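Below is one structure, written out as structure tokens; comments come after it.
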Amino acid sequence: MPDLADEASLLTEQMLEVHVMAIRQTLQAPTVVVKNCEACGHPIGDARRKIMPAAALCVDCQFLNESLKKHYLR
Ligand SMILES: [Zn+2]
């Protein structure tokens, strides 16, 4: 029977693997620079695009989106 430490290390390994896969996908994905928000059409700021190149929503819409998710996914 695996002890807690083994289980924890296995879980950590799996989580790491998922992260690495996600990072690889991001690196392999064609660079699509979204300049305008997909929801409202307003330009996405340079600062935001620098931090999150894959961002498709402006800060306001992202915030709204996350607030709605938090509100409904409880
Ligand atoms: Zn927007």
Side-chain angles (χ1 to χ4, degrees):
M1 195 180 122
D3 65 17
L4 216 60
D6 282 342
E7 237 172 277
S9 110
L10 188 73
L11 200 69
T12 309
E13 228 170 83
Q14 285 172 342
M15 280 164 61
L16 220 102
E17 215 168 287
V18 170
H19 278 284
V20 169
M21 270 166 58
I23 291 166
R24 278 199 188 131
Q25 274 180 353
T26 308
L27 290 176
Q28 284 168 358
T31 317
V32 180
V33 181
V34 181
K35 287 187 177 173
N36 292 75
C37 173
E38 278 185 359
C40 69
H42 288 161
I44 298 173
D46 283 340
R48 175 158 170 76
R49 278 193 285 135
K50 207 176 263 182
I51 298 166
M52 289 187 66
L57 298 174
C58 69
V59 179
D60 290 341
C61 290
Q62 185 68 44
F63 178 75
L64 199 72
N65 203 10
E66 277 166 21
S67 307
L68 287 175
K69 269 189 211 161
K70 268 184 211 156
H71 185 74
Y72 288 109
L73 296 179
R74 265 193 287 185

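Each ligand, and each atom within it, is numbered from 1 in the order the structure gives. Given the structure is predicted, the values throughout are model-derived calculations rather than measurements.
- Through side-chain heavy atoms spaced under 4.5 Å, either directly or across other Ile, Leu, Val, Met, Phe, Trp or Tyr residues, Met15 is tied to Leu11.
- Between the CG atom in Asp46 and the NZ atom in Lys35 there is a gap of 9.0 Å [rounded to 0.5 Å].
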Give the table of side-chain donor-acceptor pairs shorter than 3.5 Å for residues 54-66, with sequence neighbours excluded, one pair per line with atom names and distance.
| from | atom 1 | to | atom 2 | distance (Å) |
| --- | --- | --- | --- | --- |
| Gln62 | OE1 | Arg48 | NH2 | 3.4 |
| Gln62 | NE2 | Glu66 | OE2 | 2.9 |

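- Counting only protein atoms, the N, O or S atoms lying less than 2.8 Å from the Zn ion (ligand 1) are Cys37 SG, Cys40 SG, Cys58 SG, Cys61 SG, ordered by chain and residue number.
- Clustering of Ile, Leu, Val, Met, Phe, Trp and Tyr by side-chain heavy atoms under 4.5 Å joins Met52 with Ile51.
- The distance from atom CG of Leu16 to atom CD of Glu13, rounded to the nearest 0.5 Å, is 8.0 Å.
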